[in-house]
Amino acid sequence: MADSAPADRRGGFGRGRGRGGRGRGRGRRGDEKTEWVPVTKLGRLVKAGKIKNMEEIYTFSLPVKEYQIVDYFLPSLKDEVMKIMPVQKQTRAGQRTRFKAFVVIGDADGHVGLGVKCSKEVATAIRGAIILAKLSVIPVRRGYWGTALGEPHTVPCKVTGKCGSAMCRLIPAPKGTGLVAAPTPKKVLQLAGITDCYTTSRGSTRTLGNFVKATFAAIGNTYGFLTPDLWTETEFTKGPYQEHTDFLAVKQRK
Amino acid sequence: MSKPISNKGKGKNKKKATPDPVLLGFPDGSIDPEQDSDAYSTKIGGVPVWLQSGFAPPAEYLKCGICRQSMYLLFQGYVPLANSIYHRVIYVWACNRRLCMRKEGSFTVVRSHLVDPEYLAAHRKKEEEKRKKEQLKLEQQKKAAQPFGAFQLGDLWGSNTPSFSQAASNAITTSEHDDKSTDTDTLTTTLEKMTLDTQSPSLQEQSQQEIPIVSFPGEYLWITEEDLNNYDAMGIDMERYREYIDMQNTLLEASSEDTTEEGTWGGEAYEKQQLPRGVDKQFKKFAERVQLQPNQCVRYQWGGIPLLYHQLQGHQQQSIRSLGGNCSQCGSSRTFELQLMPNILSLLPTSEYASAELSENNKKKDVNSWDIGMEFGTILVFVCEKDCHPVDIEQPSYVKEHVLVQFEQD
């Protein structure tokens with residue numbers, strides 16, 4: 001082998017001749033894990049402060065690929081593990097058991113998310129479900145049952161959601177009613193920030209996985225429902241980025 | 001049975017049992033523009049510094065293939081290979097226009113060689129010794145083949161043997177002389193060439209006249225090995241779920257006993273996770289790996305496996321070994337060497353420079369431009385496996401290598 005080549009040549013990549021690796025900044029390694037460095041366009045915009053809140057992301061339906069974006073805007077999200085259950089798969093060598101984690105996350109003020117993850121270990125499943133829940137956070141529209149007095153407290157209209165055979169219907173309720181629901185959707189509605197609501201369900205609600213997803217779909221439909229106060233024409237502005245133009249003009253927001 | 005001599009030079013081609021570890025580059029302090037003149041430093045941004053000052057690559061390399069404007073230097077790294085006689089630098093340029101993104105020609109990577117005289121002398125000495133050894137062997141073989149062939153009385157007293165040794169020594173001295181003279185010959189001729197050719201546009205003059213040099217402020221890179229020890233935590237405090245984790249074993253036993261669970265949560269089956277739009281499994285792995293050491297700007301692993309930004313699609317769906325194609329100069333296949341990470345876009349002021357350029361042109365449009373300038377998910381650099389040097393050994397060389405850029409998907 002190269003017996004005559006000096007040893008410092010072997011390093012390659014910047015270490016050769018001792019000039020590349022400057023050896024400074026070693027003390028900075030401590031804070032590596034706490035800081036978030038974005039990996040996507042949207043992440044960079046968020047980190048730079050160009051996007052003010054989560055609602056701007058919802059307006060343009062931008063896909064959120066990094067859960068730290070949600071953490072940045074909604075630091076007060078509380079997560080709750082609904083259930084860990086073992087699921088089994090039949091293989092030639094017997095049965096293989098994995099754990100399925102259901103996690104609901106919300107800030108009790110208009111944002112909810114639901115994450116489902118299956119994994120060989122409980123810890124991995126919970127961690128993965130939390131991240132998926134954060135990535136799936138949606139806004140919740142609340143309204144009034146009667147007079148518009150004080151803060152909105154219930155769903156704005158009757159909405160329904162369906163998953164599998166489980167169907168869940170949410171009906172506006174007067175103030176002070178509380179949540180009239182089964183324990184599982186009740187947790188979801190609490191985290192969403194809905195204080196009063198009547199519910200009706202149909203189908204196989206025993207498959208609570210489907211039931212939770214149905215409730216989540218119903219909550220998501222609150223913003224999908226066109227009510228008369230939304231009849232005014234919207235002025236469409238271009239999103240923060242489009243693929244085929246140089247730059248975008250975005251109206252200054254108040 | 002291979003001869004011991006022929007094995008020596010082939011150390012590089014031996015397959016290693018464990019691949020080299022991945023080296024990461026972290027930002028290490030900004031570069032003072034006046035001091036940005038070291039061809040051997042590894043940095044992002046800044047001004048490209050050539051191995052032999054005055055000898056620049058062809059001007060075409062520094063222009064974007066689509067809009068024909070000058071490109072910005074993204075990365076310059078000193079990457080010598082073991083057992084090589086060359087200084088080796090890799091440059092990566094990118095165009096800072098959003099319109100040029102996602103098209104061929106907006107990213108360029110160039111590999112530059114300059115022979116190191118000490119290494120060259122050592123290499124030549126080695127070759128010389130090899131040659132001497134082979135010659136001696138040949139002589140010995142010849143001698144052994146004719147032990148009594150040309151036997152004459154007079155030979156015993158050394159009329160043959162001295163002539164042999166003399167011939168050998170003559171051969172050696174003459175060959176040494178030849179080498180030295182050829183060395184000086186080539187050096188003098190190249191020197192002469194460089195002074196005489198003032199009429200024809202030489203490479204360095206061309207590049208300085210036609211291309212305005214644009215650059216970002218530079219940042220040194222500090223190189224270290226990747227550290228994967230903190231793979232578990234990932235920023236989520238798992239202590240809150242201690243009771244669930246402890247339930248794992250009891251759940252396992254429970255599940256194996258009764259298969260039909262009545263009442264509440266029955267009937268669940270394995271379901272694949274629902275990932276949001278634009279996220280696929282490979283992106284998730286990428287994000288998790290980067291999150292362990294989030295400030296990484298460059299990943300280096302000669303002949304290694306790149307960390308893809310998303311799964312390869314369409315015509316690119318092939319084995320990673322063949323992603324690079326073949327070298328344009330020597331035809332051998334290309335291997336992965338390094339990749340640039342999105343943290344570079346957070347460190348270099350790409351959108352500010354792009355908007356500065358735009359506002360000069362379009363002053364009337366009142367823009368709140370958020371998303372201009374270059375973008376990428378990761379940039380994979382593939383280089384010639386044999387590290388070819390297409391010109392004369394004394395000359396510095398510039399070879400364009402293959403770059404594969406992965407963008408975000410919707």
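Below, chains carry the letters A, B, ... as their sequence lines are ordered, and counting in each starts from 1.
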Using only atom types and a distance under 3.5 Å, with no angle test, would you say the side chain of B:Glu408 pairs donor to acceptor with the backbone of A:Lys41? yes
Residue B:Gln76 versus chain A: region with a heavy atom under 4.5 Å: neither
Tell me, out of A:Ile126, A:Leu135, A:Asn210, who's got the most heavy-atom pairs with chain B below 4.5 Å. A:Ile126
Given that the side chain runs from C-beta out, which part of A:Ile84 has a heavy atom under 4.5 Å from chain B: side chain, backbone, both or neither? both
What distance do A:Lys65 atom NZ and B:Gln409 atom CD have between them, rounded to the nearest 0.5 Å? 7.5 Å
Atom CZ in A:Arg44, atom CD in B:Glu375: separation rounded to 0.5 Å? 7.5 Å
Proximity breakdown for B:Phe286 and chain A, heavy-atom pairs closer than 4.5 Å: side chain
Contact origin within B:Leu345 toward chain A - heavy atom pairs under 4.5 Å: both
Can you tell me which portion of A:Gln68 sits under 4.5 Å from chain B's heavy atoms? Options are side chain, backbone, both or neither. side chain
Contact part of A:Thr40 toward chain B, heavy-atom cut-off under 4.5 Å: side chain, backbone, both or neither? both
Should the heavy atoms of other residues, nucleotides or ligands under 6.0 Å from NZ of B:Lys284 be counted, would the total exceed 12? yes
Please assess A:Val64 against B:Val279 for the test side chain to side chain contact (heavy atoms under 4.5 Å, CB included), listing each intermediate value before the final yes or no. CA-CA 9 Å; A:Val64 175; B:Val279 177; over 6 Å; no
